[in-house]
Chemist: 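Let me give you the structure first, and then I'll get to my questions.
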Amino acid sequence: MVIFFLIIFEKKLLKKYLSLLICYCCFMPIISCKQDEISRLNSNLFQNEVYRKCKKESKIQYLDSLYRITNNFTNDSILKSFLFDLSAEYYYLNYNKKSFAVCKKILVLSAAVKDTFAIAKAYSYIGDTYQISQKDSAYYYYHKSEKLYRILNYRNQIGKILFKKAYILFFEGNYIESEAEVSNALLYLKNCKDPEILYAAYSLMGLNFEKLEEYESALKYLFIAKSFLNDIKGNNSNLEKQYIYGIESSINISNVYEKKHQYDKSIHELQAVLSPILKEKWIQGYESVLGNLGYSMMKSGNIKGVEKLFNEALSSSKKNGTDEDVIYKLLNLGEFYFILKDSVRSTSYLKQALALAEKLKMGEETKKSLQLLSQIDHENAAVYDKKYIAITDSLAKAQRISRNKYARIEYETAAVEEENKVLSSKITYILFGALLIIFALVLVLIYRYIQNQKREIEFRIAQQKAEEEIFELLKEYQLKLSIAKELEQNRISKELHDGVMNRLYGARMQLGIWNESDTKEAKEKRLIYVDLLQEIELEIRSISHDLRSEIVDNQLDFMSLLYNMIQLQNEIGETAFVFETPNEIDWDTIDSVVKINLFRIIQECLLNATKHANARECRVTITIVENNLILKIQDDGIGFDILATKPGIGLTNMQERAKKIKAKLTISSTPNIGTVILMKVKIGSL
């Protein structure tokens, strides 16, 4: 039989067949397990030596088989725990779509039994699947997971989710927001017993401070992170992580020393970890150490052996690393030959780095390549300078567009959840009312009276709770708005200083140089820098326009709440609601208590128009006249006789709210014509 296989199959194909056969024979007893054997499904299956030696394709086939048989098991904690392990294994094998599919199944199972913890964990896992490809989606799911963990008050899980959000913000270049988020994470993780997450969180804190050029703080947190490495113990996998984390820690610390121009310390840190063992265990780390060591030696003035280090690092990166790794090695060699004044080789390496950086859309590396080429290739310096300015402007514009993306995700998520709460409350209210009508048919008058009283008490409690939620929401928004304004001021200051001022200075220096000459070339150069001054003028206009737009946009939040409420009423009833504000209103200057009660009065009026008035149209108008805020709500419904109608709970609540904010409320209605509600309140009177 063996000879038969050797004749039919080639060597590689036979090896693959035998590998699949071994996996099949070892795992078939597990795959064919029955319901009472589900406890055998756990993460130990993925630590099995036979499984670990299988090729990636065989592992995926095995995982798919396990996933299919889970359909035969009942929905319990053991099944969900195994599905989480299965999703994680797909994720580690870079099959994010399969990992996502398993998480969606977990969500369905968890929702069926109202397992909040499992739902929160599934959202976190889904965020992981999006972390590389769609960071905004990852941030969205992390935010949903965080909210559920906060409800459960699971502090360690909250801390880990905050760290993941900070990680995304860091790689998007939002270092201030990332530093704030990881600070919050560490507050929740201070009693955590997991050294890996503590190492990662403190490392991220240090990297944020490095990007913010606060190098002493960066070193402080990087050394704290390093102190947790000895606590990572256990199996061989953990010991391997401990080794890799140690190398990573040394690279991070050496980078800070290099930024501080303490090249001797950087060299010492890197030489301590450079070894043949590192090359065998983690080739990418070995390449990084080589490149960083050579760069620190070059910057220290000791170029002996640097060329050899750079060439070995480049050769290894081309063979084992990614294109991103290759770019850094090309830049190092380009700068090395620039220092040696070997313009030919320097230009060659820098052009390779530039082409690769442009292909991968790596903005900072593109800028560095152009900057060095401008200094060494004098004939094309103007071309490189122009490209440098263009890429700088492009990066600045992209950063402006994405700056508030993640804050907007949190706000929009909260808005959607608030709308769902309102809709759910209305559905509950309608069902409760229907039950009251049914009970009213069989209950005596006294029992009906007691039930009505009870309903009124519950309504007041729910109303008070809703008011507190809205008030807290407004306070939270005001705080975030204040922080956002401060960050925006700092950003504009930095853009004006680092961008506009530097370019103005460069233009002024060049015009000064060429002003002394009256040749044709000098005139052409002066025209170039006159055009540059016009570009700078447009940039200042753009920054001013963005600032003005953001100031205006900040005024729209309470208006958004009102518009959303109007839109919701338009969707659930036949009445057409119209909202008008003839003059601009600065809602930030109006007291929160006034806004809350104004919102609730409008909400009650719209609900009455939908439920009782049978109106075709209802018009809501808010104006400011002589420091008075005037609300007018008018419909063309069936109306009612005010004198003959006993005020219900809704009208009574409206009058009490108006009294609370010292407002004058009048209601006029004519049967078959319509109703007009008018309220006037003095702004700032509370």
Side-chain angles (χ1 to χ4, degrees), residues 77 80-81 83-85 87-88 91 99 103 106-107 110-111 113-131 135-172 174-209 221 224-225 228 231-232 405-418 420-421 468-469 472-473 475-477 479-480 483:
S77 59
K80 290 197 287 287
S81 177
L83 287 173
F84 276 120
D85 292 336
S87 173
Y91 173 76
S99 178
C103 289
I106 296 173
L107 280 177
S110 303
V113 295
K114 298 181 180 179
D115 187 345
T116 305
F117 174 77
I119 294 172
K121 188 175 179 181
Y123 282 143
S124 175
Y125 274 45
I126 291 174
D128 293 342
T129 66
Y130 280 122
Q131 194 177 80
K135 287 186 169 53
D136 52 347
S137 296
Y139 192 91
Y140 169 77
Y141 282 105
Y142 288 152
H143 183 61
K144 289 173 73 71
S145 176
E146 177 195 348
K147 297 195 71 160
L148 294 178
Y149 279 137
R150 287 188 182 278
I151 292 173
L152 298 171
N153 197 28
Y154 283 13
R155 297 185 63 82
N156 284 349
Q157 283 75 13
I158 295 171
K160 291 176 181 180
I161 291 296
L162 290 173
F163 164 76
K164 290 181 178 182
K165 292 169 69 176
Y167 180 85
I168 289 177
L169 291 168
F170 175 83
F171 281 96
E172 288 285 284
N174 296 331
Y175 305 121
I176 295 175
E177 295 90 335
S178 177
E179 184 268 328
E181 205 75 73
V182 78
S183 295
N184 290 333
L186 287 170
L187 290 176
Y188 283 95
L189 294 171
K190 60 183 179 182
N191 296 321
C192 180
K193 304 300 182 182
D194 184 353
E196 283 190 62
I197 188 63
L198 290 171
Y199 164 78
Y202 280 108
S203 294
L204 183 59
M205 179 72 87
L207 294 174
N208 275 309
F209 279 120
Y221 284 102
I224 293 175
F228 286 101
D231 297 328
I232 302 176
K405 175 171 59 178
Y406 296 106
R408 188 168 63 251
I409 289 173
E410 295 200 19
Y411 173 78
E412 290 176 352
T413 302
V416 170
E417 290 174 352
E418 188 64 27
N420 290 337
K421 286 180 181 178
E468 291 172 355
E469 290 178 353
E472 289 299 321
L473 182 64
K475 286 202 303 184
E476 181 183 354
Y477 168 72
L479 177 61
K480 289 186 176 180
I483 294 172

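If you read the sequence from its start, that first residue is 1, and numbering goes on from there. The figures here come from the full heavy-atom set of this structure, side chains too, leaving out hydrogens, waters and symmetry mates.
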Chemist: Tell me yes or no: between the side chains of Ser145 and Lys121, is some donor less than 3.5 Å from an acceptor?
Modeler: no
Chemist: Tyr188: what forms a ring pair (Phe, Tyr, Trp, His ring centres under 6.0 Å) with it, not counting sequence neighbours?
Modeler: none
Chemist: Does the side chain to side chain donor-acceptor pair (under 3.5 Å) test come out yes or no for Lys164 and Ser124, once each step is laid out?
Modeler: CA-CA 9 Å; Lys164 290 181 178 182; Ser124 175; 3.0 Å; yes
Chemist: Heavy atoms, side chains only, cut-off 4.5 Å: are Leu148 and Ile119 in contact?
Modeler: yes
Chemist: Roughly how far, to the nearest 0.5 Å, is CG of Leu198 from NZ of Lys190?
Modeler: 13.0 Å
Chemist: Nearest heavy-atom pair of Ser110 and Ala118: which atoms, and what distance?
Modeler: OG-CB, 3.1 Å
Chemist: What distance separates Lys135 NZ from Ile168 CD1, expressed to the nearest 0.5 Å?
Modeler: 7.0 Å
Chemist: Give a yes/no verdict on a cation-pi contact between Lys165 and Tyr142, requiring under 6.0 Å between NZ or CZ and the six-membered ring centre and an angle within 45° of the axis.
Modeler: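 No cation-pi geometry.
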Chemist: So Val113 and Lys80, do their side chains get closer than 4.5 Å, heavy atoms only?
Modeler: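 Heavy-atom side-chain distance check passes, below 4.5 Å.
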Chemist: Is there a side-chain contact between Tyr123 and His143 (heavy atoms, below 4.5 Å)?
Modeler: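 In short, these two side chains do not touch, never coming nearer than 4.5 Å.
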Chemist: Please say which of Phe228, Phe163, Phe209 ends up in a ring pair (Phe, Tyr, Trp, His ring centres under 6.0 Å) with Tyr202.
Modeler: Phe228
Chemist: Shortest non-hydrogen contact from Glu179 to Asn208?
Modeler: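 Heavy atoms of Glu179 and Asn208 come nearest at N-ND2, 3.7 Å.
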Chemist: For the CG atom of Leu189 and the CD1 atom of Ile197, what is their distance to the nearest 0.5 Å?
Modeler: 6.0 Å
Chemist: Between Lys193 and Asp231, is there a side-chain N and carboxylate O pair less than 4.0 Å apart?
Modeler: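 Answer for the salt bridge query: no.
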Chemist: Looking only at heavy atoms, which two atoms of Tyr130 and Ala138 are closest? And how far apart?
Modeler: CB-N, 3.7 Å
Chemist: Would you say the side-chain atoms of Asn174 pair up with the backbone N or O of Phe170, donor to acceptor, closer than 3.5 Å?
Modeler: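 Not at all, since once roles are kept as given, no pair shorter than 3.5 Å links the two residues.
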Chemist: Kindly determine whether Phe117 and Tyr149 satisfy side chain to side chain contact (heavy atoms under 4.5 Å, CB included), including the steps that lead there.
Modeler: CA-CA 7 Å; Phe117 174 77; Tyr149 279 137; 3.8 Å; yes
Chemist: If I take atom CZ from residue Arg150 and atom CD1 from residue Ile161, how far apart are they, to the nearest 0.5 angstrom?
Modeler: 10.5 Å
Chemist: Could you tell me whether the side chain of Ser87 and the main chain of Leu83 form a donor-acceptor pair under 3.5 Å?
Modeler: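 Answer holds: no.
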Chemist: Using modelled atom types and a 3.5 Å cut-off, is there a donor and acceptor pairing between side-chain atoms of Ser203 and backbone atoms of Tyr199?
Modeler: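 Such a contact is found between Ser203 side chain and Tyr199 backbone.
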Chemist: Considering only heavy atoms from C-beta outward, does the side chain of Tyr139 approach that of Leu169 to under 4.5 Å?
Modeler: yes
Chemist: Rounded to the nearest 0.5 Å, how far apart are CG of Leu187 and CD1 of Ile158?
Modeler: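 One gets 11.5 Å once the value is rounded to the nearest 0.5 Å.
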Chemist: How long is the gap from CG on Asn191 to CZ on Arg155, to the nearest 0.5 Å?
Modeler: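 Between atom CG of Asn191 and atom CZ of Arg155 there are 7.5 Å.
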Chemist: Please tell me whether Thr129 and Ser99 have a donor and an acceptor in their side chains that are separated by less than 3.5 angstrom.
Modeler: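 No, because no side-chain N or O of Thr129 sits under 3.5 Å from a partner of the opposite role on Ser99.
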